[in-house]
There are 2 protein chains.
Amino acid sequence: MRWNELSEENCSMARTISVIGDRWTLLILRDCFLRVRRFEDFQERLGITRPILANRLKKLVDEFVLVKVPYQQRPRRYEYRLTQKGLALYPIVMAIVHWGDVYMAGKKGRPLVHTHDLCGKAFDPMMVCSECGEQLSPKQVHVRPGPSAKDPRHLPLETDLPGPRRLAKEKAAS
Amino acid sequence: MRWNELSEENCSMARTISVIGDRWTLLILRDCFLRVRRFEDFQERLGITRPILANRLKKLVDEFVLVKVPYQQRPRRYEYRLTQKGLALYPIVMAIVHWGDVYMAGKKGRPLVHTHDLCGKAFDPMMVCSECGEQLSPKQVHVRPGPSAKDPRHLPLETDLPGPRRLAKEKAAS
DNA sequence: CTCTATGGTTTGAATACTGAACCTGCTTGG
DNA sequence: CCAAGCAGGTTCAGTATTCAAACCATAGAG
């Protein structure tokens with residue numbers, strides 16, 4: 001499967017991955033949330049090569065995750081800013097950072113601590129159910145086909161049904 | 001920056017990306033949460049080539065995200081299962097799926113709907129503060145160096161301070 | 001008229017991925 | 001006994017991506 005095919009899969013995860021599912025893009029987004037906005041700054045901070053940076057920024061702009069905003073005329077220069085669609089990636093970024101804090105930090109502890117303005121405390125991000133507010137765990141979530149469901153292979157997060165192969169085997173066995 | 005250097009950065013996001021920050025790995029993880037466990041099944045469902053699949057599974061096992069469990073002797077065959085560390089990737093997976101549901105779904109709506117066992121309702125995942133339970137937004141989160149902080153370039157998610165370059169400019173201007 | 005700043009593009013060499021075929025260990029059927 | 005099949009890989013040649021370094025374009029400053 002190639003990148004362009006990925007974006008056409010009827011799976012939200014595959015489609016998201018077609019936009020942000022590459023090493024450099026994720027690092028660029030980290031810096032965007034850090035208020036980095038200019039080509040030269042991304043380049044220096046990330047140690048990314050210039051052609052790749054140009055390519056990834058263009059893709060993100062094409063996908064409406066970033067916008068190019070001119071910040072001066074003559075010579076015309078642009079900076080890259082997160083759109084609403086881009087800002088909505090925040091939970092993904094926070095989830096990635098948090099997993100790294102918990103599972104990839106060295107003995108000395110995490111590189112940084114987050115504090116929440118509303119309560120003033122150091123916190124961890126937590127994923128909860130929008131309806132009841134309880135913390136989500138993979139075993140307590142089931143999935144059913146949505147309005148555009150088609151290919152049953154791509155129903156992710158099914159937790160109680162055996163996978164397709166095991167089903168077939170069990171059928172054969174009985 | 002190469003993959004191996006990535007994992008040595010003192011940034012939780014970079015370290016996480018060194019483990020899961022590639023297209024195929026993310027798709028493999030999607031299928032893991034779907035209870036897919038065998039080489040042949042991954043290969044067929046994902047349309048990934050066999051050498052790459054073998055390579056990615058090995059990496060995930062080396063990182064303790066998956067374990068190889070024998071499910072039969074003679075011939076010895078293994079399946080791949082999520083470890084605790086792997087299961088903890090659930091919020092990342094859910095955040096990615098949800099963003100795709102909201103921003104990448106076609107006109108016909110999302111491919112699937114999640115229901116939560118505890119409350120029985122269809123829900124969306126929501127990221128909240130572990131301390132006060134309020135929904136997190138990038139503007140309300142600040143960051144300070146943690147126990148192992150070193151390189152100020154990699155403090156992500158700083159929202160009120162201008163980036164390093166703008167700081168330098170303003171200093172020069174004043 | 002040259003130097004610097006910013007935001008790129010071009011170019012070969014190195015690296016990674018793809019597709020197809022092949023290998024291993026074992027079971028099953030004839 | 002031999003052939004075929006299954007599961008889980010590995011090998012190999014060709015193609016696509018990425019890297020590093022250099023170059024280009026626009027414009028202001030000295």
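So that the names make sense, note that chain A is the first sequence line, chain B the second, and so on, each numbered from 1.
Atom CD of A:Gln72 has more than 12 heavy atoms from other residues, nucleotides or ligands within 6.0 Å.
The separation between A:Gln72 atom CD and C:dA5 atom P is 13 Å, rounded to whole Å. The separation between B:Leu53 atom CG and D:dG9 atom P is 8 Å, rounded to whole Å. Spacing between atom CD of B:Gln43 and atom P of D:dA7 amounts to 12 Å, rounded to whole angstrom units. Rounded to whole Å, atom P of C:dT6 lies 8 Å from atom CG of A:Asp41. Rounded to whole angstrom, the span from the CD atom of B:Glu44 across to the P atom of D:dG9 amounts to 17 Å. Look at CG on A:Leu6: it is 15 Å from C1' on C:dT18, rounded to the nearest Å.
No close placement of the A:Tyr78 and A:Tyr71 rings is indicated, their centers lying 6.0 Å or farther apart.
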May I have the step-by-step check of side chain to side chain contact (heavy atoms under 4.5 Å, CB included) for A:Glu44 and A:Val36, ending in yes or no?
-> CA-CA 11 Å; A:Glu44 190 189 344; A:Val36 175; over 6 Å; no
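Salt-bridge formation is not detected for the pair B:Arg37/B:Asp31: no Lys NZ or Arg NE/NH1/NH2 atom is positioned less than 4.0 Å from an Asp or Glu carboxylate oxygen. Using a 4.0 Å cut-off between charged nitrogen and carboxylate oxygen, B:Lys139 and A:Asp117 do not count as a salt-bridge pair. Under a 4.0 Å N-O distance rule, the pair A:Arg35/A:Glu79 does not qualify as a salt bridge. Under a 4.0 Å N-O distance rule, the pair B:Arg50/B:Glu40 qualifies as a salt bridge. Under a 4.0 Å N-O distance rule, the pair B:Asp41/B:Arg45 does not qualify as a salt bridge.
The cationic atom of A:Lys85 (NZ for Lys, CZ for Arg) does not lie both less than 6.0 Å from the six-membered ring centre of B:Tyr103 and within 45° of the ring axis.
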Sugar-phosphate means primed atoms, P, OP1 and OP2; the rest is base. With that split, encode nucleotides 10-23 of chain D 5' to 3' as B, S or - using protein heavy atoms under 4.0 Å.
-> BB------SSBB--
What does the list of N/O pairs under 3.5 Å between the protein and nucleotides 24-29 of chain C look like, with a distance for each?
| unit_1 | atom_1 | unit_2 | atom_2 | d |
| --- | --- | --- | --- | --- |
| C:dG25 | N2 | B:Arg77 | NH2 | 2.4 |
| C:dC26 | O3' | B:Arg74 | O | 3.2 |

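Regarding contacts with the backbone of C:dA5, every side-chain N or O of A:Tyr71 stays at 4.0 angstrom or more from both OP1 and OP2. When the side-chain nitrogen and oxygen atoms of A:Tyr78 are compared with OP1 and OP2 of D:dT26, none of them lie within a distance under 4.0 Å. Put simply, A:Tyr80 has a side-chain N or O that comes within less than 4.0 Å of OP1 or OP2 on C:dG8.
Residue contacts for A:Lys58: at a heavy-atom cut-off of 4.0 Å it reaches no nucleic acid atom on any strand shown.
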